[in-house]
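To start, the structure itself, in structure tokens.
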Amino acid sequence: MPRRAAQDHLPLHPLAFRILLALMDGPSYGTRIVDEVERAEGTVRTIYPANLFRRIRDLLSDGLIEEAESPSGADPRRSYVRLTRMGRAVARAEALRLRALVRDAERHDLLPEAR
Amino acid sequence: MKHGSDRARVYRACLRLLPPDMRRRFGPEMVAMLLERLDAEPSRGRRALIRIGAFADLLRQAAGLRREARDARGGATAFVGDVRQAVAALRSSPFLTAASVATLGLGIGASTAVFSVADAVLRSPLPVHEPDRLVFVWPEQNGNRTMAELAEAEMRSLELVSGLSSWTLTLTGSGEPRELTGLQVSPNYFRLLGVTPLLGRSFLENEDLPGAADVVVLSHGLWIDAFGGDPEVVGRVIDLSGGEYERRRVVGVMPAGVERLWRDADVWVPLEGDPALDLQSDPSWYVNARLGRLAPDATLEQASEEVRVHARGVQRTLPRIFSVEEAERATVRTLRDVLTQDVRTPILVTLGAVLLVLFIGCFNVANLMLAQSDRRHRDLAVRAALGAGRRRLTRGLLAESGAVGILGGVVGVATAWGLVATLRRFAPPDFPGLQDVGVDAPVLAFALVATLGATLMAGLIPALRAGRVEALSILAGSSRGTAGKGAGRMTSTLVAAQVGLAVVVAVGSGLTLRSLTRLLAVDPGLDGDGVIAFTANPRDGDYPDGEAYQGYFGEVTERIAALPNVESVGGIHLLPGTVDNWSFPTHPEGFTVADDEPTPSVNFRVVRDDYFETVRLPILLGRGVANRDRPDTERVVAVNEAFVRTFWPDVDPLGRTLSIFSASDPSYRVVGVVADVRQHGRKVEPRPEMYFAHGQPPWDNVGMWMMVRLRSGPEPASVAPAIRDVVWSVNADVPVSEMLRLDDALGRSTRGARFLTLLFTAFGGLALALCAVGVFGVTAYVTGRRVGEFGVRVALGSSRIEIVRTSVARAFAPVAVGLALGLAAARLGSDTLSSVLYEIDATDPVTYVGVGALLALVGLMAAVVPAWRAANVDPVRVLGSE
């Protein structure tokens, strides 16, 4: 049942997927997520606040992430979020979807250096 | 912090663009994040780039969020959804859709076509300066040249006045001899019109003095046709040997269109006159009209006041020519008004009729949609229950009618295009301005307005009704629903309105049809069937003396009579059935008028050869005048019955005498009485009339319309070449006109009425058909909803006849209401038709009763058929489905 629901969220917005990936290791907050996403390989675009929080808002309302308690002493403006079970399932489903896509592309010799 | 807030002031302000929940929850963090990024960036340029990027991103995300929110609510993008849904709904009932589109298309198309005619005819551009300030002075009366001058001098509301007189001329020496219409005008004429010549000049101040100038201005058409558009034509001397003009020098060419203003002139010449003459001594009574221009600050009302003063003055000087009543009735009328006087009312009435038909069509479509939406009530109720608001439902239905409307508009414009092309082909050629009819910008604008109006009218009613869906009541009820009750009432109202409008249009077509029947039943007094008419008048110079002139006509007549298939030949100087008219002050023997009364002015005709036999005009007493009446024999005249009735009601007219111009002039003895002829068209009662012999008319060398009666068989066109050859064998320089059928000439006067009746009958038929569809639809709908009840009643033993009767009675009720209201409205509106009706009262009971009966019958038929079908359903099947 969760598996089927996870499929319903696909495909994910690329930034949403990145956010889910950034949360794999535990709760985080806006600037840190951005730092991590921008650091990650393949991200060329600067991520601005409005874009980031629009996706966070969507992920929250879809139940893929949830609010997490801030660690003591953290800046009160920072709201921490973490992955839900559903979020993890969706991220995984998206990754599988992408892998299938990439394999398909390889079969068509679209990525010769990958061989 | 303070510092940081200031740096992000603009960004913070723009956060307002975001949805409130997002702004409240993430706003401070977004600002903090931006500031962090800025602080981390050492380069000033990069910082600026980050600011710009963040700002642009904010705008983009805000827009995206808004779009999402609207989609969720069902907003602007929901429009696309509405349309998609509408198209799906329309496609699900293709027959209904096609019927609606066709109905609207026909209505829009027909009204657009009629509007294009009205626009072209009533508002056709006149190629003069401020055409609506040009007025005819006392247009009811002919006058002389001095009257024009007097009007200009006396009426302060007019700045210029020109006399106008038309004449027929012959142009020779430029290809085939051709007959021209010449217009004698005052030298100020073109200044009055405000037109500048295309070439050369117009007339000079003194060129109207007798013998002062032999000049002529050419129309654009003649310049192209006869002179090949040669710019060197100015200065050339041309031969116009009709009338008293001999050789005239071309001084100018007018731009195209100026000739259309009055009697399609080919050339203009100065209206000559001796300035020493006064009102009494000026003999130029051939001045047909006086055209003036309103002074810059003057109004038409002022001119109307002044013209009566002017006319009274003229009447006091010339009591024998004008009566007091005539002077009191004097008016000024605008040029456009006079040009369109015969067609204005018919066109406006037709436009009104076709708009009514459009309304009927709209109500029809509204009704179809209402029935449709009612059938879909459950669907709508479900949507309402799922949270679609009233606005959303209304909008969905409006999208549906909008789609129908747009399709209807497209069909309508195409229909208008076709109709206009057809109209141009079949409309009477002498219908003014019809040559300009086309589908142009104002016409398309009208079509657009008509489409919008029709769409709103057809869509709003069902949409508003459907918006009032009460989800629970419908879902709780059976398929029959409860909301149908109100819809049924609305449907009935629409049917009543439809029937009412149809009655109005049908009464209009009934009246015009009956009027036309009466008109066509009028005996014009002569038999034009098989008679061809043409002119073959020699130039003046060719036969200067009367004897030779008579000799020419005698020879032409003799040779034409010798042609095979020719039964008889005659001649008359004015073509019957046209508005042309000549009259003389006449003094019948023993008939006296008071000193201050005008001398009766009596129409006359000059005839020759076997005219009376050729047109089968019965001679009732004595004999007709003929060729044996010559200058050297006794002066004789034949009169018509109206003349006898008017002047000699109680005495034997034969042997009595009359004199013309003055009582002391030599008299003519009456040798015969002939039957009345409707010379001026069927509508005009015969007036007293005199017939003079061509050999002894009051003046020499009167031109003739030759009349040739053919034995049955050949088409007139086939003998035309032979007749031309015969004329040219006598004199090769004579222009021979087109060969007309006398029937066509006589029919001209009824052509306008026939055209109007044709249009009106078509619209009446359309209205009736639409109405039948409407009643059929509503009965089908009402009975369809009660099918279950019928099933029960049939199962319980009710007879089908009984069921049909009750449902027809129910469906017929709105028809009856509509009939009553429609007849009353028609009675109120029919007075506008009075001016175009002939011998039929606008209250003609036969028409009203007939139309009422016809519509009642149509309504009944349209109600019975679906009721019968509903009553014949199988009760078992119906009850099973409940």
Side-chain angles (χ1 to χ4, degrees), chain A residues 8-9 11-20 22-23 27-40 43-82 84 87, chain B residues 1-5 7-41 43 45-73:
Chain A
D8 288 347
H9 291 282
L12 280 180
H13 187 276
L15 180 54
F17 186 44
R18 284 283 181 190
I19 294 169
L20 294 186
L23 295 173
S28 186
Y29 64 91
T31 312
R32 208 162 77 192
I33 295 174
V34 169
D35 286 346
E36 187 158 342
V37 169
E38 283 182 352
R39 236 192 349 261
T43 308
V44 285
R45 211 160 55 110
T46 313
I47 295 161
Y48 293 105
N51 194 6
L52 176 77
F53 285 102
R54 177 180 175 189
R55 301 306 153 194
I56 288 182
R57 176 176 175 258
D58 288 351
L59 290 170
L60 278 169
S61 72
D62 285 347
L64 303 191
I65 57 177
E66 60 191 3
E67 285 185 67
E69 262 179 53
S70 311
S72 54
D75 185 335
R77 286 174 304 180
R78 288 178 183 160
S79 51
Y80 278 72
V81 290
R82 67 166 172 238
T84 60
Chain B
M1 260 326 286
K2 183 103 178 106
H3 178 63
S5 310
R7 276 191 300 154
R9 204 177 56 222
V10 178
Y11 190 77
R12 193 193 310 277
C14 288
L15 287 178
R16 256 167 243 219
L17 297 170
L18 296 172
D21 69 296
M22 180 168 169
R23 189 173 67 229
R24 272 195 299 273
R25 184 158 177 189
F26 302 114
E29 194 173 355
M30 287 168 71
V31 174
M33 188 173 147
L34 178 65
L35 291 174
E36 244 173 88
R37 301 216 107 191
L38 290 172
D39 290 342
E41 184 55 62
S43 151
R46 291 252 177 85
R47 280 207 299 271
L49 281 180
I50 289 174
R51 276 174 185 278
I52 294 171
F55 193 70
D57 174 62
L58 177 64
L59 293 183
R60 196 168 54 236
Q61 304 307 331
L65 285 162
R66 253 163 212 258
R67 201 160 45 232
E68 276 173 18
R70 256 200 317 255
D71 286 357
R73 261 205 324 269

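Chain letters run A, B, ... following the sequence lines, proteins first, then strands; residues in each count from 1.
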Verdict with supporting geometry, A:Leu59 and A:Leu20, side-chain contact (heavy atoms from CB on, under 4.5 Å): CA-CA 9 Å; A:Leu59 290 170; A:Leu20 294 186; 4.2 Å; yes
Which one, [options], leads in non-hydrogen pairs under 4.5 Å with chain A?
options	result
B:Leu58, B:Leu34, B:Asp21	B:Asp21
B:Gln61, B:Arg60, B:Met33	B:Gln61
B:Met30, B:Arg25, B:Glu29	B:Glu29

So which part of [X] gets closer than 4.5 Å to some heavy atom of chain A, the side chain, the backbone, both or neither?
X	answer
B:Leu49	backbone
B:Glu36	side chain
B:Tyr11	side chain

B:Arg23 side chain vs B:Arg16 backbone, donor-acceptor pair below 3.5 Å: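 Yes, the answer is positive, given that a donor and an acceptor are paired below the 3.5 Å cut-off.
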Residues from residues 61-68 of chain A approaching chain B under 4.5 Å (heavy atoms):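 Under the 4.5 Å heavy-atom cut-off, A:Glu67 qualify.
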Heavy-atom check, side chain of A:Thr31 versus side chain of B:Arg37, under 4.5 Å: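 A side-chain contact is absent here, since even the closest heavy-atom pair is not under 4.5 Å.
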Any side-chain heavy-atom pair of B:Met22 and B:Leu15 under 4.5 Å: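 B:Met22 does not reach B:Leu15 side chain to side chain.
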Which atoms of A:Ile33 approach chain B - backbone, side chain, both or neither, heavy atom under 4.5 Å: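 Contact with chain B is absent: no heavy atom of A:Ile33 under 4.5 Å.
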Chain B contact via A:Arg55 - which portion, at a heavy-atom distance below 4.5 Å: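 Contact with chain B: side chain only.
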side-chain contact (heavy atoms from CB on, under 4.5 Å) evaluation trace for A:Leu52 with A:Ile19: CA-CA 9 Å; A:Leu52 176 77; A:Ile19 294 169; 3.9 Å; yes
Test salt bridge (charged side-chain N to carboxylate O under 4.0 Å, His left out) applied to B:Glu41 and B:Arg51, step by step: CA-CA 11 Å; B:Glu41 184 55 62; B:Arg51 276 174 185 278; over 6 Å; no
Residue A:Arg32 excluded, over 12 heavy atoms near CZ under 6.0 Å: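 Atom CZ in A:Arg32 is crowded, with more than 12 foreign heavy atoms closer than 6.0 Å.
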A:Tyr80, OH atom: more than 12 neighbouring heavy atoms under 6.0 Å: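 Yes, enclosed.
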A:Tyr29 and A:Ser79: CA distance, side-chain angles, deciding distance, side-chain contact (heavy atoms from CB on, under 4.5 Å) verdict: CA-CA 6 Å; A:Tyr29 64 91; A:Ser79 51; over 6 Å; no
Contact summary for A:Val37 and A:Ala22, nearest pair of heavy atoms: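 Heavy atoms of A:Val37 and A:Ala22 come nearest at CG2-CB, 4.3 Å.
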